Visitor: 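Please find one structure pasted underneath; my questions will follow.
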Amino acid sequence: MKNLALVLGLCTALTAAPASAQSTRDCDTFEANARNIYPPYEETIRHFANGDIRLIALDVGEPAAAAFHLMVTHPAGDEPFPACTLISSRGTLGYAGLWMDRVTAEYDASVGLVVTLPAQVFDGTDFRLVELSLTVNQAAGTVTASAVVADTVEPPLAPAGTK
């Protein structure tokens, strides 16, 4: 009986879809290479904060189920040059798709620019739609990212701007 309660509790916890941290790292990687930017550029590159913050979708090709990454160029606090943060699903694995045409942004004075977009991840057995959320704090020069499973969102058949 104890084992059944444990299993049921685990199933409930897994279906609650908590936010999970996404991998953020410096752009000094092969994924953040300019050759991975792809057209249509007006959909795969988005500008915010008078151009000070840019979101750039990247496609590294392989692995096909995790080929898309998001590069964010942003102010680096007190530094004179912009910083660059690469966002991936986990470790060096990216997303199966990014819907850059469905990006929304809102400025919150207490945390910075909050950007959300639908993304697709491969969990090892199935593809899951998630809502990717990132916060860019221009004053601190930081980017944080998280994702929540969002199976209720109906994306277009193919992510806009994917190959």
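A quick note: this is a predicted structure, and the numbers were derived from the prediction, not measured.
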Visitor: Indicate yes or no: at least one non-hydrogen side-chain atom of T85 is less than 4.5 angstrom from one of D26.
Guide: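 No, every pair of side-chain atoms sits at 4.5 Å or beyond.
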Visitor: Would you say the side chain of I37 lies within less than 4.5 Å of the side chain of L58, judging by non-hydrogen atoms?
Guide: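 Sidechains of I37 and L58: in contact.
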Visitor: Quick check: do V114 and V111 have side-chain heavy atoms less than 4.5 Å from each other?
Guide: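 The answer is yes; the side chains approach within 4.5 Å.
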Visitor: Would Q120 and R128 count as a side chain to side chain contact (heavy atoms under 4.5 Å, CB included) if you check the C-alpha gap in whole Å, the side-chain angles of each, and the deciding distance to 0.1 Å?
Guide: CA-CA 6 Å; Q120 190 176 48; R128 293 273 186 205; over 6 Å; no
Visitor: Mind listing the closest non-hydrogen atom pair of G94 and S89 along with its distance?
Guide: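 Minimum heavy-atom separation between G94 and S89: O-CB, 3.2 Å.
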Visitor: CG of D78: more than 12 outside heavy atoms within 6.0 angstrom?
Guide: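 It does not: D78 CG has 12 such atoms or fewer within range.
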Visitor: Tell me whether D28 at atom CG has more than 12 heavy atoms from other residues, nucleotides or ligands lying less than 6.0 Å away.
Guide: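 Count not over threshold, so no.
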Visitor: When rounded to the nearest 0.5 angstrom, what is the spacing between CD1 in I53 and CG in L113?
Guide: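 Between atom CD1 of I53 and atom CG of L113 there are 4.5 Å.
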Visitor: Taking atom CD as the centre, does E42 end up with more than 12 heavy-atom neighbours from other residues, nucleotides or ligands that are less than 6.0 angstrom away?
Guide: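 Yes - once you tally the heavy atoms of other residues, nucleotides and ligands closer than 6.0 Å, there are more than 12.
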Visitor: Considering residues at least two apart in sequence or located in another chain, which fulfil the side-chain hydrogen bond (donor to acceptor under 3.5 Å, both in side chains) criterion with T116?
Guide: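 side-chain hydrogen bond (donor to acceptor under 3.5 Å, both in side chains) check on T116 returns T104.
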Visitor: With no hydrogens and no angle check, just 3.5 Å: does a side-chain donor-acceptor pair link S88 and R25?
Guide: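 A pair is found: one side chain offers a donor N or O, the other an acceptor, under 3.5 Å apart.
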Visitor: So which heavy atom on I45 is nearest to which on H47, and how close?
Guide: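 Taking every non-hydrogen atom into account, CG2-NE2, 3.8 Å.
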Visitor: With a 4.5 Å heavy-atom cut-off, do H74 and D52 have their side chains touching?
Guide: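 Not touching, per the 4.5 Å side-chain cut-off.
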Visitor: Hey, does F48 have a side-chain heavy atom less than 4.5 Å from the side chain of V136?
Guide: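 Of all side-chain heavy-atom pairs linking F48 with V136, none is under 4.5 Å.
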Visitor: Under the criterion side chain to side chain contact (heavy atoms under 4.5 Å, CB included), I'd like the reasoning laid out for L134 against L70: C-alpha separation, chi angles, the key distance, then a yes or no.
Guide: CA-CA 10 Å; L134 56 119; L70 190 61; 3.6 Å; yes
Visitor: Mind running side chain to side chain contact (heavy atoms under 4.5 Å, CB included) on V149 and L129 for me, showing each step along the way?
Guide: CA-CA 6 Å; V149 174; L129 186 62; over 6 Å; no
Visitor: Can you confirm whether the side chains of Q22 and T24 place a donor and an acceptor under 3.5 Å from each other?
Guide: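 Side-chain D/A pair, Q22 to T24: absent.
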Visitor: Under the 3.5 angstrom rule, does the side chain of N36 hit a backbone N or O of E31 as a donor-acceptor pair?
Guide: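 Yes, because the side chain of N36 sits within donor-acceptor range (under 3.5 Å) of the backbone of E31.
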Visitor: Can T135 and N137 be counted as having a side-chain donor-acceptor contact under 3.5 angstrom?
Guide: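 No donor-acceptor contact under 3.5 Å links the two side chains.
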Visitor: Is a donor from one side chain sitting under 3.5 angstrom from an acceptor on the other, for T73 and R54?
Guide: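 T73 vs R54: donor-acceptor pair found between side chains.
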Visitor: Where is the tightest heavy-atom contact between C27 and A32, given as atom of each residue plus distance?
Guide: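 Taking every non-hydrogen atom into account, O-CB, 3.2 Å.
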Visitor: State, yes or no, whether a side-chain contact exists between T44 and I56 at a heavy-atom distance under 4.5 Å.
Guide: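 With C-beta onward as the side chain, the pair stays apart.
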Visitor: Is it true that a side-chain atom of S23 and a backbone atom of R90 form a donor plus acceptor pair closer than 3.5 Å?
Guide: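 Answer holds: no.
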Visitor: Passes side chain to side chain contact (heavy atoms under 4.5 Å, CB included), R102 versus L117? Steps please.
Guide: CA-CA 6 Å; R102 297 181 67 189; L117 69 143; 5.7 Å; no
Visitor: To the nearest 0.5 Å, tell me how far I87 CD1 sits from L132 CG.
Guide: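 Going from CD1 on I87 over to CG on L132, the span is 6.0 Å.
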Visitor: Measure the spacing between CZ of F81 and SG of C84 and express it to the nearest 0.5 Å.
Guide: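 It is 15.0 Å, given to the nearest 0.5 Å.
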Visitor: Is there side-chain contact between L93 and P63, with heavy atoms separated by less than 4.5 Å?
Guide: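 Yes, side chains in contact.
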Visitor: Can you tell which of F127, Y95, F68 makes a ring pair (Phe, Tyr, Trp, His ring centres under 6.0 Å) with F122?
Guide: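 The residue from F127, Y95, F68 that satisfies ring pair (Phe, Tyr, Trp, His ring centres under 6.0 Å) with F122 turns out to be F127.
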Visitor: Any heavy-atom pair between the side chains of L55 and V115 that's under 4.5 Å?
Guide: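 Yes - at least one pair of side-chain heavy atoms lies under 4.5 Å apart.
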Visitor: Shortest non-hydrogen contact from A76 to P82?
Guide: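 For A76 and P82, the tightest heavy-atom pair comes out as CB-C, 4.3 Å.
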